[in-house]
Amino acid sequence: MHRFFVPPHSIRAHRVLLRGTIVHQIRDVLRLRPGDEIVLLDNSEHAHRVELVTIDRDTVRGRVVEKWKLETEPVTRLTLYQGLLKGQKFEWVLQKGTEIGVAAFVPLLAARCIVGSLDEMSAARVERWERIIVEAAEQAGRATLPRLESAMLFQQACERARLGGLSLIPWEGEPSRGLRDVLLPIPKAKECNLFIGPEGGFTEEEITLAREYGVVPVSLGPRILRAETAGLVAAAAILYEWGDL
Ligand code: SAM
C-alpha cells in the first residue's frame, strides 16, 4: 500500500484533506480512485490507513479507517556527519542511510571536499536532498523523517557533536581501535555521532581536532571503503551492535 508523509494538519480526527503535489501523485501518477486505500504518516510516529473518498483537481479527501503507532525507529538516534561528496554519491548516502535508520544527516564541509561539491549546496540541491529523504522514508516505513541539517564546517560539527552522545570518526589511519572495541563496553547509547570523510579522507589536523573534542577515531577494518560506502557500513554496524538492525 502506498505510504506518504503528510503535514499533521492534513489529518483532523477521522477526516483527511490533501492538497499540493500529493494530489497529482495520487490522481495522475498512481491513478488511484475513490475507495482505494493509502497509508499516511504524520511524522509523529503514527500511521493512518485512509480510504479515499473524493479526488478532485486540487484536493483529495479521505477518511481514516485505522490508526496505529509505528515502532520502526531505532532507539539510538544516529547523526551522520557526511563529508560532502560529488553528485549522486551524496544522494546515495541520504537514501540508503534513511533506509538503515539514520536519524539526521549533516553535510560536512571537510578540508578535502572536492570544490565542486561545495557549489552543490544550492537551495535546489538541498530541496532535492530533502525529497530523496522523504521518498526513502516512505518506502522504508520510517515513523519519523530523518532531519537534513545545514552544512557545517568541521570544527562546528565537532562542537555540535560534543553536546551529546558517543562520537566516532572512522579513520583508515587508526592503527588498532576497531568499531567493536568501542561499542562493546558501552550499553546502547541514546545518541551517536558518526563522522565520515569525503573522497579524499580527513586531514591529520582534522583527526587531531576531533580527538580534542572527544570524537573517537576507529578503524572499519583493513580495507579502504569508498566514502559513500563507509557511512552506511558504520551506521549499520552500530545499529546492529545495539540491536536496532
Ligand atoms: N584515505 C582514503 C583512501 O586512501 O582512499 C580516502 C578516504 S575514504 C575514501 C573516505 C572515508 O571513509 C574516510 O575519511 C573514512 O571516514 C572512511 N573510511 C574508509 N575506509 C575506512 C577504514 N578502513 N577504516 C576507517 N574509516 C574508513
Side-chain angles (χ1 to χ4, degrees), residues 76-121 129 132 146 148-162 165-186 189 191-242 245:
T76 300
R77 287 188 53 71
L78 193 150
T79 300
L80 176 55
Y81 294 80
Q82 174 64 55
L84 254 187
L85 302 171
K86 281 296 285 176
Q88 309 241 315
K89 288 188 279 189
F90 194 77
E91 297 174 4
W92 162 269
V93 173
L94 294 176
Q95 186 187 62
K96 300 312 170 193
T98 297
E99 292 170 46
I100 289 170
V102 168
F105 297 94
V106 178
L108 185 61
L109 304 175
R112 289 183 183 151
C113 283
I114 298 168
V115 174
S117 58
L118 298 186
D119 306 339
E120 296 192 9
M121 290 300 290
W129 288 351
I132 287 169
L148 178 61
E149 307 277 3
S150 328
M152 287 186 199
L153 294 170
F154 190 80
Q155 181 151 4
Q156 283 176 306
C158 290
E159 281 159 4
R160 165 71 185 279
R162 189 161 57 175
L166 172 67
S167 296
L168 304 172
I169 183 164
W171 176 47
E172 58 285 10
E174 168 53 43
S176 56
R177 186 191 300 112
L179 187 55
R180 200 135 194 271
D181 302 328
V182 177
L183 298 180
L184 264 185
I186 301 174
E191 298 276 339
C192 182
N193 304 299
L194 183 60
F195 286 66
I196 298 291
E199 292 91 341
F202 289 118
T203 63
E204 292 282 348
E205 295 73 19
E206 285 169 333
I207 297 298
T208 304
L209 189 66
R211 283 199 179 94
E212 287 166 11
Y213 277 90
V215 183
V216 180
V218 289
S219 168
L220 296 179
R223 293 166 296 285
I224 301 294
L225 307 176
R226 287 178 183 273
E228 64 272 25
T229 311
L232 303 176
V233 164
I238 291 165
L239 294 178
Y240 170 78
E241 187 62 38
W242 281 335
L245 199 71

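Just so you know, ligand 1 is whichever comes first in the structure, and atom 1 is the first atom listed for that ligand.
Atom CZ of R226 has 12 or fewer neighbouring heavy atoms from other residues, nucleotides or ligands inside a 6.0 Å radius. At most 12 non-hydrogen atoms from other residues, nucleotides or ligands lie less than 6.0 angstrom from CH2 of W92.
Looking at residues two or more places apart in sequence or on another chain, you find no side-chain hydrogen bond (donor to acceptor under 3.5 Å, both in side chains) involving Q156.
At a 4.0 Å heavy-atom cut-off, ligand 1 touches P170 through backbone and side chain alike. Neither the backbone nor the side chain of E174 comes within contact range of ligand 1; no heavy atom lies under 4.0 Å. When non-hydrogen atoms are compared, ligand 1 lies under 4.0 Å from neither the backbone nor the side chain of I169.
In terms of polar-atom proximity, defined here as any N/O pair under 3.5 Å, I196 makes no such contact with ligand 1. In terms of N/O distances under 3.5 Å, ligand 1 is approached by G197. In terms of polar-atom proximity, R223 is counted as a contact of ligand 1, with an N or O under 3.5 Å from an N or O of the ligand.
Interface of G221 with ligand 1, defined as ligand atoms under 4.0 Å from a residue heavy atom, comprises 22 (C), 23 (N). Each of the following atoms of ligand 1 lies closer than 4.0 Å to a heavy atom of A227: 9 (C), 10 (C). Close contacts of ligand 1 with V218, meaning ligand atoms under 4.0 Å from a residue heavy atom, involve 25 (C).
Distance alone, capped at 3.5 Å, is enough to place a donor-acceptor pair between the R177 side chain and the P217 backbone.
Ligand 1 lies out of reach of A110, whose nearest heavy atom is not under 4.0 Å from it.
With respect to atom 10 (C) of ligand 1, the closest heavy atom belonging to the protein is P198 O, 3.3 Å. Atom 24 (N) of ligand 1 has as its closest protein heavy atom L220 N, 2.9 Å. Protein heavy atom nearest atom 13 (C) of ligand 1, with residue, atom name and distance: E172 OE1, 3.4 Å. Counting protein heavy atoms only, atom 4 (O) of ligand 1 is closest to I224 CG2, 4.1 Å. Closest to atom 20 (N) of ligand 1, if we only count protein heavy atoms, is L225 N, 2.9 Å. Considering only non-hydrogen protein atoms, atom 12 (O) of ligand 1 sits nearest to A230 CB, 3.3 Å. For atom 6 (C) of ligand 1, the nearest non-hydrogen atom of the protein is E199 O, 3.2 Å.
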Ignoring hydrogens and angles, write down the donor-acceptor pairs under 3.5 Å from the side chains of residues 209-216, residues two or more places apart or on other chains.
from : atom 1 : to   : atom 2 : distance (Å)
Y213 : OH     : Q155 : NE2    : 2.9
Y213 : OH     : E159 : OE2    : 3.2

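Between the CH2 atom of W242 and the CD1 atom of I186 there is a distance of 5.5 Å, given to the nearest 0.5 Å. With values rounded to the nearest 0.5 angstrom, I100 atom CD1 is found 4.5 Å from L232 atom CG.
Aromatic pair F154/F202: centroids less than 6.0 angstrom apart.
The pair E199-K89 meets the salt-bridge criterion, since a charged nitrogen lies less than 4.0 angstrom from a carboxylate oxygen.
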